[in-house]
Amino acid sequence: MKINQSINMSTRFRVLSEDQIEEIFFAALEVLERTGGVIYHEEALELFKNSNAVVRDKKVRIPASMVEEALNFYPRKITLKGRNGKRSLQLQKDTVGFGTGSDLPFTYDRKTGERRRTLYNDVRNAGKLVDALPNYDFFMSHGIVGDAPNTQTYDRHQFLAMLEQCTKPMVVTSVDGEGLEDLWRMGCVLQGGEEEFRLNPLFVAYIEPISPLKNDRTAVEKLLFAAEKKIPAMYTPCPSSGATAPATMAGMLVQSLAETLLAVVLCHLKNPGMPLIMGGVTTVLDMKKSTYSYGAPELSLASAANTDISKWLNLIMFSTGGCTDSKVLDEQAAAEQMMNLFYAYLSGANLIHDVGYIDHGTNASLESLVMNEEMMGMVRAFGKGINTDDEHMALDLIEKQGPGGEYVTTDHTFEHWQEWYRPTLQDRSDYETWKNNGSKTMIDRVNERTQHLLDTYEADPIKDDQWKELKKIVDDADKRHA
Amino acid sequence: MSFDLGKISETLVTGKVDDLKTLTGQALETDIKPGDILNQGLLPGMDTVSQRWKAGDMFMPEVLRCAKAMGGAMEVLRPHLSESELGNAGTIVIGTVAGDLHDIGKDLAAMMFEGAGYNVINIGIDQPNEAFVKAVKEHKPNVLGMSALLTTTMPRMGEVINSLKEAGIRDQVAVILGGAPVTEEFAKEIGADLYAPNAGSAVEITKEYLESKV
Ligand code: B12
């Protein structure tokens, strides 16, 4: 045994130094004291009025001490449990989970190849793939249920579609506070009641401020409901650098941190100890095409930096990866998705969402979900780092096989090659074999695998009585909004 | 005193706000007609800008800077122009529909129209159907722009169009739609006149349409 050793059990990556993080944190505190944020919600304004914050009309300015105090109250660990009863997703520092994004308006129809509106069945199918593919840890709807009977209750229908074929934990979007309440009641049906849901949450609620520094009524309504019931929730800024945030990465990080910290204080005032999660889709507005970019390298850079900040603050982090601006699943898609997947993983964000997004967050693609499965596998294999214990240094083996020896038949190889990544979609065959197998491209293989999974995979069904209860909640909502 | 109006065009294209204001003021002190400063100085400059933007040689911050310079110059020039010389490209009322809080896209479109010389009335986000109808009645624009970024709020656009019909003012305005989930097909379906996939093309699509109607 040796002393004074330090061993990397995984790769290590960070963007910001501790001093830089502190600078950004202090700057965000300064923003809250000097600039403040506006809130369009009466109860929230009341909560701030009854605190040390300064409220002028709808604008709230918050002293640093309130932020520092509130930050002490958030859990550093949340464990999500799927409807199958498995506590499968540990959210804590440097554990990484991958999942899809939500609500994409369009889908390429697999039969016609035409772009059309996303429907209930598309969401259900996305759930099926996420359930079947092991590298996905959680599910967001991928697409929006465009054929829901009522736009005011589409979130409940969407949740049903998500639950049908997917047993993994989820992140859910909702129409408003009432919508979130229904989703939570549905979650309680599946987890066995309100108390069980609190210990074993089925989902995290997705909520967003409006950059710069604005908080609208419905978002705050959801946030306060989540705080009241202690439902895990994220308040995830979506600034576009150069349009709704400074054009510098540091400036964007400062502003979005201020937006997050406002929610940190608000939730604390409402109900201390609610499981709040930090988030952010921090990217640039493309200045030529005027689109919000999901494939820019700045997205990866700013997101990884944001994760550094979250760890320093002891907050769980919701980040972004596996997404692209490309209109189709092509070379651009592969390059962009791989890049932002890779850095999001290395940064150690806890929930990495938007995996599979194409067309800058407007188009759904089941094939993209399947292709990303391979990329997530590769990224995870890289993150394992290098083991340097005696067995892995293999000194005896090198001596035994000697100069000109071979390793293919050794026990050591038999045992350790299993640690390698084994591709399922990448083609590493020789030219003739590839040709004789039909000269298939990656996209061909992805298509086949997608179809195969859709045809053959079935998730564990929801129990009949539970399904009835869920349906009743949805039907009641439809009646209320008829 | 001779004054080179080309200099005004050039300065506009470089987006130098203060320089352009100064130059415009200097031009006004000569015997050049205010209308010529507009038509032979500023507008050719804006034309160059929009051509370069279309060709992909200019980026949004540059274009918007030019539009800002144009706005500044117009402040100086406007009091000297007659109604007819003003030759406004038109008036557009623009807003995001009820229940929808997305504003960047709508604002960019508004800025593009402004840069093209439109009188822009931006009524903001989350605007109830009646607010659109009211603004059309009040400002009598020749264009109404609506933005929706959510599948769930798109239906509001059709409702506004219907309300315009009911109020008997549908024919007074060209209705143009925008926003990521909106499509040309949808725009046709609900009886809008125009659809623009991005802010850059919106002005031109509108111009072509208005010219074809004359
Ligand atoms: C930034 C953003 C937000 C910000 C908006 C901040 C702001 N100040 O605007 C915030 C965080 C607030 C937000 C909130 C929500 N969002 Co949002 N958002 C986006 C995002 C990522 C980018 C939008 C953007 O700014 N694009 C850049 C601008 C420049 O582009 P644009 O808006 O499309 O506009 C261009 C053209 O469309 C056109 N245009 C636009 N309007 C007009 C109008 C006229 C007249 C003309 C001529 C042209 C025109 O010109 C513009 C420039 O070229 C999009 C994804 C996407 N790629 O669209 C999702 C997206 C639109 N949001 C979405 C959702 C679901 C939501 C929420 C419902 C989430 C939730 N559950 O809480 C809330 C809804 C809040 C509400 N009630 O409105 C979905 C919509 C899905 C759907 N099927 O409806 C999208 C597609 C993302 C996704 N896949 O989930 N969002």
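A, B, ... follow the sequence lines: proteins, then strands. Residue 1 opens every chain.
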Check: Which residue pairs pass the ring-ring contact (aromatic ring centres under 6.0 Å, His included) test with at least one member in residues 122-148 of chain B, sequence neighbours excluded?
Finding: none
Next item on the list: Applying salt bridge (Lys or Arg N to Asp or Glu O under 4.0 Å), name anything that partners B:E75, two or more places apart in sequence or on another chain.
Entry: B:K21
Note to self: I'd like to know which of B:L108, B:L150, B:L101 tops the heavy-atom pair count under 4.5 Å against chain A.
What the structure shows: B:L101
What would the table of donor-acceptor pairs between chain B and chain A look like if you include every N and O pair under 3.5 Å, whether backbone or side chain?
| from | atom 1 | to | atom 2 | distance (Å) |
| --- | --- | --- | --- | --- |
| B:G56 | O | A:K288 | NZ | 3.1 |
| B:M60 | N | A:M287 | O | 2.7 |
| B:P181 | O | A:R117 | NH1 | 3.0 |
| B:P181 | O | A:R117 | NH2 | 2.9 |

Under 3.5 Å, which donor-acceptor pairs do the side chains of residues 7-17 of chain B form with other protein atoms, sequence neighbours left out?
| from | atom 1 | to | atom 2 | distance (Å) |
| --- | --- | --- | --- | --- |
| B:S9 | OG | B:G41 | O | 2.8 |
| B:T11 | OG1 | B:K7 | O | 2.7 |
| B:T14 | OG1 | B:T11 | O | 2.7 |

Notebook entry, point to check: So which part of A:L104 gets closer than 4.5 Å to some heavy atom of chain B, the side chain, the backbone, both or neither?
Noted result: neither
Next item on the list: Measure B:M112 against the heavy atoms of chain A and call it side chain, backbone, both or neither at under 4.5 Å.
Entry: neither
Check: Can you say whether B:L149 sits under 4.5 Å from chain A via the side chain, the backbone, both, or neither, judging by heavy atoms?
Finding: neither
